[in-house]
Amino acid sequence: MVTNGGGSGDADVSRILSEIETLKVAKSDIERRISLLESQLCDTATTANIEGKSDAVSNGYCPLISAVHSNINHDLTPDSVYRYSRHLLLPSFGVQGQSNLLKSSILVVGAGGLGSPALLYLAACGVGRLGIVDHDVVELNNMHRQVVHTEAYIGQPKVKSAAATCRSYSDGIFCFVVSVLRSSDKEVFSRINSTIQIVEYQEALRTSNALEILSQYDIVVDATDNAPSRYMISDCCVVLGKPLVSGAALGLEGQLTVYNYNGGPCYRCLFPTPPPTTACQRCSDSGVLGVVPGIIGCLQALEAIKIASAVGEPLSGRMLLFDALSARIRIVKIRGRSSQCEVCGEDSAFTQQQFRNFDYEKFTRAPLSPLPLKLNLLPADSRISSKEYKEKIDNGESHVLVDVRPAHHFKIVSLPNSINVPLANLEARLPEISKALKEEEECKADNSDSGASLYVICRRGNDSQRAVQCLQKMGFNSARDIIGGLESWAHDVEPNFPTY
Amino acid sequence: MKSESRDREIEVEGCDAVLPSPFSKIRSLNMQLTLEFGGGLELLCESVKVHKVNVDTPNEAEKLTMKDLLSWVSTNLIKERPEMFMKGDSVRPGVLVLVNDCDWELSGQLDTTLEEKDVVVFISTLHGG
């Protein structure tokens, strides 16, 4: 019965609360004792085990985790049997598959759109050791696809957020956690349920640290978002002899393949020459439907699980092409290892030292940690700041504002009274700009004698400069761009203005 | 190119291949092909991904090679930024070419001979994630 206030009701509530408190204390004491006993059990089991007895994981030529890390159980514990029972029930996977998985180590580079689902499944399925590399922080505009992160972690390192979620996934009633902070404090080892270890690398992967990090894992998952990282990770995998599960997604399409597996091709066999930088679009510019990298990331987890458990036929020498819009998945046959490949080919002598010295940013003409482009094409007198533009509005200056973003950007948000003429159509639509200027001049003819000004804006202030160059060439000499575009407007003038 | 893995989902309209004329040694074959663009390359051809096309073999040639097709595509389908599709007489770096779901490296690249109803895919490699 619910009572609305009154002495007896209050007494009931306080009695219940106090009982809950007492039970919680007892519960936590029991849990602590279970943990202690489990840890004793684990230590006893590990000491009792003789190393190196198990069958080899036939994942190409990568070393067994037992060879790298000795503190792993070979047999499934009763808890593991229950936890992974649905895997064990699969005749083609079974105890051997799960046992291989528990002994394997997988490194996921990138905790973004691809890395998120890959990490969730890899953590849940019982990979022995799971490494996560990322240098970035969680942002609100990541959340629609980077499902490993939660809102509570916005502004915090992605690695920290991803590791926390993965731990919660693999954290069961019988879990105990031992965290050992390494001297570098970059890596935190946490052992979960005596089989799963999650290792955090809160740093960008570079030639200086890649060999050291990748060498500690059996399998590498490339979940990065740029060309130089992809070449670097592939080359590093070749040098170290690790299979590489490579996925990519953009817009409504995804691609997936396994490189450097059992004599198969590497990334460079397929793409010996880097593409032009203009062909490397980014999710932050071109957009991406969240579920698309989700699907590719899940498939990456699947391929990594197949290699780690030595079950099935990995997607090597083949590539999966996914087109979400037409609901089509196509699996195509790709070339084998190229004998002329500069890194994995017959005559190649690409060594660890050469890898360390290789400049991937120069090779691909693209940065490893891409920042938004900041062009500076115009002289200072052809540009004004967003604050100066605000003053001109406030002073009632006669002007026309042309927004040169694509039409679908303009629909997201735009400044009042701006007209949308996308850069791609600028030349063809010059008459519209002339007309708008004329109308503005006629409208305010009495308080101005020098004609209406022409301002150009875009998202970040790059296309607006290109547009001003074009406009000035076509005779619109007074055209000026607004420095930093709508982003600077939102930053410096109108903090509530939506950004994207 | 001969292949068992022809895409069965592609609907093929009436077969209207031109038969060789008995009156002339000079014959130009007309070949029906399905061309697909992906990974952003479709933006170069008015955002249309699948093109069912009829391509004539070049003058006096009895076969159509990938080299002929690339030149036909550049002329007839690529509407903007041709440098995003071609480099020299081949595709630009980062573009995979698949003939009947098979990397053209395995069928002779530019020298691959095409056959009626072949499916040719041009796909730009993605880097996003």
Side-chain angles (χ1 to χ4, degrees), chain A residues 109-110 112-115 145 222-230 247-251 253-255 265 267 269-276 278-288 292-293 296-297 300 317-319 321-323 325-326 328 330-336 338 364 366 424, chain B residues 1-11 34 36-44 46-51 79-88 90-109 112 118-129:
Chain A
V109 188
L114 297 166
R145 67 185 190 285
D222 183 346
T224 61
D225 64 355
N226 61 84
S229 294
R230 291 181 181 277
L250 186 85
E253 284 180 75
Q255 298 170 355
Y267 190 64
C269 295
L270 243 72
F271 306 108
T273 314
T278 42
C280 301
Q281 294 171 310
R282 309 194 57 226
C283 294
S284 54
D285 294 325
S286 308
V288 61
V292 173
I296 299 297
Q300 285 184 279
R318 296 179 293 156
M319 184 181 274
L321 308 170
F322 174 55
D323 181 358
L325 218 49
S326 63
R328 247 196 227 204
R330 178 178 230 137
I331 294 176
V332 300
K333 189 171 167 28
I334 53 174
R335 68 201 74 172
S338 162
T364 57
Chain B
M1 194 197 120
K2 296 230 182 298
S3 168
E4 294 152 27
S5 62
R6 200 182 291 278
D7 191 342
R8 281 161 210 274
E9 284 175 34
I10 301 292
E11 272 181 43
T34 302
E36 294 194 31
F37 296 82
L41 289 180
E42 71 279 6
L43 300 175
L44 308 178
E46 298 174 321
S47 294
V48 178
K49 283 189 168 174
V50 184
H51 300 253
K79 304 290 184 199
E80 55 179 290
R81 295 176 288 163
E83 75 282 0
M84 293 301 286
F85 184 65
M86 295 282 285
K87 189 177 179 187
S90 192
V91 291
R92 69 149 167 89
V95 173
L96 280 181
V97 183
L98 308 157
V99 181
N100 300 326
D101 286 346
C102 192
D103 191 344
W104 76 336
E105 283 281 334
L106 301 167
S107 58
Q109 270 202 353
T112 309
D118 273 353
V119 180
V120 184
V121 177
F122 300 97
I123 196 142
S124 178
T125 178
L126 303 176
H127 304 94

Between [X] and chain B, which part of the residue has a heavy atom less than 4.5 Å away: side chain, backbone, both or neither?
X       : result
I296(A) : neither
C283(A) : side chain
T224(A) : backbone
D323(A) : side chain
P274(A) : backbone

query = For the side chain of R92(B) and the backbone of P275(A), is there at least one donor-acceptor N/O pair under 3.5 Å apart?
reply = no
query = K87(B) versus chain A, heavy atoms under 4.5 Å apart: side chain, backbone, both or neither?
reply = neither
task = Go through the atoms of L41(B) and report whether side chain, backbone, both or neither lie under 4.5 Å from a heavy atom of chain A.
result = neither
query = If you draw a 6.0 Å radius around CD in E80(B), do more than 12 non-hydrogen atoms from other residues or ligands fall strictly inside?
reply = yes
Ring pair (Phe, Tyr, Trp, His ring centres under 6.0 Å) partners for F271(A), two or more places apart = Y267(A)
Shortest non-hydrogen separation from [X] to [Y] and the atoms involved:
X       : Y       : answer
L43(B)  : Q281(A) : CD1-NE2, 4.2 Å
E36(B)  : R328(A) : OE2-NH1, 3.4 Å
A248(A) : L126(B) : CB-O, 3.3 Å
T273(A) : P93(B)  : O-CB, 3.4 Å
R230(A) : G128(B) : NH2-O, 3.4 Å
L106(B) : R335(A) : CD2-CA, 4.0 Å

note = One option among S229(A), G247(A), P276(A) has the most heavy-atom pairs under 4.5 Å with chain B, and it is P276(A)
key: Top contributor to chain B contacts, counting heavy-atom pairs under 4.5 Å, from P293(A), C280(A), G112(A)   = C280(A)
query = Charged N to carboxylate O under 4.0 angstrom, E105(B) versus K333(A)?
reply = no
